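Each remark here refers to the structure printed beneath this line.
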Amino acid sequence: MDMLLMGACLAMFGIAVACLAFGAATRDARQAQASAPAIEKELAKAAASPAHFFVNVPAPGIAARPRVPIEVLLLQLENHVRLEQAAAECFLEAPDAARLRSRTTSPLVNWSIN
Amino acid sequence: MLQADLLRGLAEDEAERVLALGNRLVLTAGAVLFQLGDTADCIYLVARGRLRLTLPIQVASREERVFVEERSAGQTVGWSGLIPPYRFTLTATAPLESAVIALGREALGRYFSEHPETGYKVTQNLASVIGQRLQIFQTMWLREIERMVELRCA
């Protein structure tokens, strides 16, 4: 009788361990399935981000700069020449250093307008 | 036309005689009056409309005409016709229907040798037209140099 009870106890214990193990195993798989896209996103982010904390702003190369259509460039040049001629005529009417250095609104000289 | 910059200071009848030496040419919109490098036998007075003067430059491996200046009624174009080596240094195009009076170098030369006073006044006016253009372009060049220096020193 004692041996029968001991066997029954051991069987119950085994079943309990098997249930726990099964539960643990299935819970891991579900959690892994649920968290997989998040991990992939994080991995992609990590791979894309630089290895340092500051932000690298790449300097735009000549090829990366927006290209101005030739027709627009020619119009800008014409506008620039007209404005510069007008400025030169103003200078020649009453020559002084300030008039020589006067600014125009030409987009081709905007680099020098503060 | 009697008020044209080339005829300034001439008496009306005198100016009319000079104008009578020329031929009136009508240019349709887009017509080229002369090309850079062409032999220059005439000087032109703009009678009506406009003339665009351009120079060729390379833009993205294409040759494009870049605007240099514009002349309107009463102004002189193509003074290379009277100044050696008699080659046009710009291209002149009519952006709209225009008319010019073409004064031939030989006809003017003959008339001026018979009327030296007229020749002197016209030559003075021509020098004034050329000098004005020279001063304007000299100033434009100086402004560009100023900007370049400013950029280098910035």
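Just so it is clear, the model here is predicted, and its values are computed rather than measured. Below, chain A is the first sequence line, B the second, and so on; all start at residue 1.
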As a quick check of understanding, evaluate side-chain contact (heavy atoms from CB on, under 4.5 Å) for B:Thr76 and B:Asn125, giving each step before the final call. CA-CA 10 Å; B:Thr76 304; B:Asn125 290 335; over 6 Å; no
Please flag which part of B:Gln135 lies under 4.5 Å from any non-hydrogen atom of chain A: side chain, backbone, both or neither. both
Proximal component of A:Leu92, with respect to chain B [non-hydrogen, under 4.5 Å]: side chain
Can you find a side-chain donor-acceptor pair between A:Ser102 and B:Arg143 that sits under 3.5 Å? yes
Among residues 73-80 of chain A, which ones touch chain B with a heavy-atom distance under 4.5 Å? A:Leu73, A:Leu74, A:Leu77, A:Glu78, A:His80
For chain A, the option from B:Gln138, B:Glu69, B:Arg65 that forms the most heavy-atom pairs under 4.5 Å: B:Glu69
Contact between B:Leu108 and B:Val18 at the side-chain level, heavy atoms closer than 4.5 Å - yes or no? yes
Salt-bridge test for A:Arg101 and B:Glu150: reply yes if a basic N is under 4.0 Å from a carboxylate O, no otherwise. no
Can a donor-acceptor pair be found, under 3.5 Å and without considering hydrogens, that links the side chain of B:Arg48 to the backbone of B:Val26? no
Under-4.0 Å salt bridge between A:Glu93 and A:Arg99: no
Using a strict 4.0 Å threshold on nitrogen-to-oxygen distance, state whether B:Glu144 and B:Arg147 make a salt bridge. yes
Main chain of B:Ser80, side chain of B:Arg87: is a donor-acceptor contact present, judged purely on distance under 3.5 Å? no
Chain A contact via B:Arg62 - side chain, backbone, both or neither, heavy atoms under 4.5 Å: side chain
